[in-house]
Amino acid sequence: RLAWNKQDPNYLATMATDGLEVIILDVRVPCTPVATLKNHTACVNGIAWAPHSSCHICSAADDQQALIWDIQQMPRSIDDPILAYKAEGEINQVQWATGQPDWIAICYNQSMEILRV
């Protein structure tokens, strides 16, 4: 899976099947990741870039967490997310609202939650 940055088309986020991390690539230098986001403890299922910011991305995983990252300091190491949300089940989908940038939607089990960030 992959997602293009909505504000800066040079950046692309991707993750491996059953991977625990999100890799940020700069298409101008695609062979070397500019950041690796590693705080999930189970398979990452979704990624969504903020529609209003080039340096914010949300990752969601089977560890029941939705994590929001500030990647402004790339290429320096990004150790921790700036926000974390724990759901009641494994999160299998995440979307950041284009028209309402303060809202993120997540899906888990047979539920959907809309989170204000």
>> Please enumerate all residues that pass side-chain hydrogen bond (donor to acceptor under 3.5 Å, both in side chains) together with Asn10, with sequence neighbours excluded.
In response: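 Once residues adjacent in sequence are excluded, the partners of Asn10 under the side-chain hydrogen bond (donor to acceptor under 3.5 Å, both in side chains) criterion are Asp8.
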> Partners of His40 by side-chain hydrogen bond (donor to acceptor under 3.5 Å, both in side chains), sequence neighbours excluded?
Replying inline: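 side-chain hydrogen bond (donor to acceptor under 3.5 Å, both in side chains) check on His40 returns Ser59, Asp63.
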Minimal non-hydrogen separation, [X] against [Y], with atom names:
| X | Y | value |
| --- | --- | --- |
| Pro101 | Pro51 | CB-CG, 4.0 Å |
| Ile23 | Pro33 | CG2-CB, 3.5 Å |
| Ser54 | Asn5 | O-ND2, 2.7 Å |
| Gln64 | Gly89 | CG-O, 3.1 Å |

> Any side-chain heavy atom of Pro30 within less than 4.5 Å of one from Leu25?
Replying inline: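 No, their side chains stay 4.5 Å or more apart.
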> Which residue pairs satisfy the side-chain hydrogen bond (donor to acceptor under 3.5 Å, both in side chains) criterion with at least one member in residues 22-38, sequence neighbours excluded?
Replying inline: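 Pairs touching residues 22-38 that pass the test: Asp26-Arg28.
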> Does any pair with a residue in residues 88-112 pass side-chain hydrogen bond (donor to acceptor under 3.5 Å, both in side chains), and if so which ones, sequence neighbours excluded?
Replying inline: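 Checked against side-chain hydrogen bond (donor to acceptor under 3.5 Å, both in side chains) - neighbours excluded - the pairs reaching residues 88-112 are Tyr108-Glu113.
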> Which other residues end up in the same hydrophobic cluster as Val44, if Ile, Leu, Val, Met, Phe, Trp and Tyr are linked when side-chain heavy atoms come under 4.5 Å apart?
Replying inline: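 So far as hydrophobic clustering goes, Val44 is joined with Tyr11, Met15, Val22, Ile24, Val34, Leu37, Ile47, Trp49, Ile57, Leu67, Trp69, Ile71, Met74, Ile78.
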>> Is there a path of hydrophobic side-chain contacts, each under 4.5 Å between heavy atoms, that joins Val94 and Ile114?
In response: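 No: no chain of side-chain contacts under 4.5 Å links Val94 to Ile114.
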> Between Trp4 and Ile104, is there a shared hydrophobic cluster once you connect ILVMFWY residues whose side-chain heavy atoms come closer than 4.5 Å?
Replying inline: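 Cluster IDs for Trp4 and Ile104 differ.
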>> Enumerate the salt bridge (charged side-chain N to carboxylate O under 4.0 Å, His left out) contacts for residues 68-78, please, sequence neighbours excluded, ordered by first and then second residue.
In response: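 Non-adjacent pairs meeting salt bridge (charged side-chain N to carboxylate O under 4.0 Å, His left out): zero.
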>> Rounded at 0.5 Å granularity, tell me how far CD1 in Ile68 sits from OG in Ser53.
In response: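 Rounded to the nearest 0.5 Å, the CD1-OG separation comes to 10.5 Å.
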> What's the spacing between His56 NE2 and Gln72 CD if we round to 0.5 Å?
Replying inline: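 One finds 7.0 Å between NE2 of His56 and CD of Gln72.
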>> Between Asn45 and Ala60 (side chain of the first, backbone of the second, donor and acceptor by atom type, cut-off under 3.5 Å), is there such a pair?
In response: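 Absent.
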